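Down below is the structure, laid out as structure tokens.
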Amino acid sequence: YNTGNAKELRDTEEFPKRKSDSDSKEESLCEDIQDYLTKSPDYPAEEIYIPSGDHCYEAGLFYSLQRGNYRYNISPIYTEEYAASNNLKKQTAEIFGEFFTVALNFRLIDISRPKPKPKLKPKPKTPSAPMPVSAKKSNGKLICAKKNDKPRKSKQNKGKHMDMECCLDPDEYPNPHCTY
């Protein structure tokens with residue numbers, strides 16, 4: 001619940017409804033809900049327990065925890081037969097024992113969201129491959145200028161190197177400007 005909408009614990013749906021047969025003298029006594037709240041060191045939330053014989057409210061049992069602008073209530077869902085029980089705590093332990101385990105282990109954790117990374121400037125494009133030294137243009141594309149090119153390994157350069165003539169040899173990388 002947002003505490004702006006549910007300012008007090010009694011404004012939540014889980015808080016038991018007031019009995020309609022309480023007279024006007026007792027009505028002022030029913031305003032104080034502190035008698036129904038129990039803070040236990042074992043439980044992170046406050047226990048709200050209203051026994052079945054209470055003269056102000058219907059029977060109820062739930063846990064409530066408030067942090068910041070929000071209130072969190074942990075409550076079992078009651079059937080009419082279940083809510084009419086004389087001892088709601090005992091009935092809950094017998095039918096739905098996990099409820100107390102959930103309430104005991106209920107913790108609110110802080111969520112840390114990573115800060116957005118600043119937008120980086122785009123990296124400059126790496127310099128493109130050098131233009132071929134000797135090539136001819138055909139239909140706007142660079143092709144090998146030699147008519148009878150015989151591909152062979154270079155005697156001058158050892159290892160692989162970039163093709164600078166648009167005539168690919170076995171020890172050369174293709175030049176991106178050339179069409180083979």
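Computed from a prediction, not measured in an experiment: that's the story for all the values here. Along the sequence shown, residues carry numbers from 1.
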My understanding is that only residues two or more places apart in sequence, or in another chain, count here; which of them pass side chain to side chain donor-acceptor pair (under 3.5 Å) with K89?
E47
Going by atom type alone, with no hydrogens or angles, which donor-acceptor pairs under 3.5 Å involve a side-chain atom of residues 169-180 and a protein atom two or more places apart or on another chain?
from, atom 1, to, atom 2, distance (Å)
D171, OD2, S154, N, 2.9
E172, OE1, D169, N, 3.0
E172, OE2, H161, NE2, 3.3
N175, OD1, H177, N, 3.1
N175, ND2, P130, O, 3.1
N175, ND2, D163, O, 3.0
H177, NE2, A129, O, 2.8
Y180, OH, D163, OD2, 2.8
Y180, OH, N175, N, 2.8

In Å, rounded to the nearest 0.5 Å, how long is the span from CG of L61 to OG of S75?
7.5 Å
For K39, look at atom NZ and say whether over 12 heavy atoms of other residues, nucleotides or ligands are found less than 6.0 Å away.
yes
Got more than 12 heavy atoms from elsewhere within 6.0 Å of NZ, K160?
yes
Any salt bridge (Lys or Arg N to Asp or Glu O under 4.0 Å) pairs touching residues 143-152, not counting sequence neighbours?
K146-E165
Go through the structure and list residues passing ring pair (Phe, Tyr, Trp, His ring centres under 6.0 Å) with F99, not counting sequence neighbours.
Y63
OH (Y70) with more than 12 external heavy atoms under 6.0 Å
no
Contacts of type side-chain contact (heavy atoms from CB on, under 4.5 Å), residue S138, not counting sequence neighbours:
I143
ILVMFWY clustering at 4.5 Å (side-chain atoms), partners of M162:
V133, M164
Do Y1 and N73 touch side chain to side chain, with heavy atoms closer than 4.5 Å?
yes
Going by the rule side-chain contact (heavy atoms from CB on, under 4.5 Å), which residues pair with K90 if we only count those two or more places apart in sequence or in a different chain?
N87, E94
Supply the atom-to-atom distance N69 CG to N5 CG, rounded to the nearest 0.5 angstrom.
11.0 Å
Using side-chain contact (heavy atoms from CB on, under 4.5 Å) as the criterion, list what pairs up with E8, not counting sequence neighbours.
R10, D11
R67: which residues meet the side-chain contact (heavy atoms from CB on, under 4.5 Å) condition with it, sequence neighbours left out?
L108, D110
Name all residues meeting the ring pair (Phe, Tyr, Trp, His ring centres under 6.0 Å) criterion together with F15; count only those two or more places apart in sequence or in a different chain, and write none if there are none.
Y57
Who are the side chain to side chain donor-acceptor pair (under 3.5 Å) partners of Q66, not counting sequence neighbours?
R71
Rounded to the nearest 0.5 Å, what separation is found between the CD atom of E46 and the CG atom of L9?
7.5 Å
Between C166 and A135 the two heavy atoms that sit nearest each other are SG-CB, 3.7 Å
Under 3.5 Å donor-acceptor, N2 side chain and G4 backbone
yes
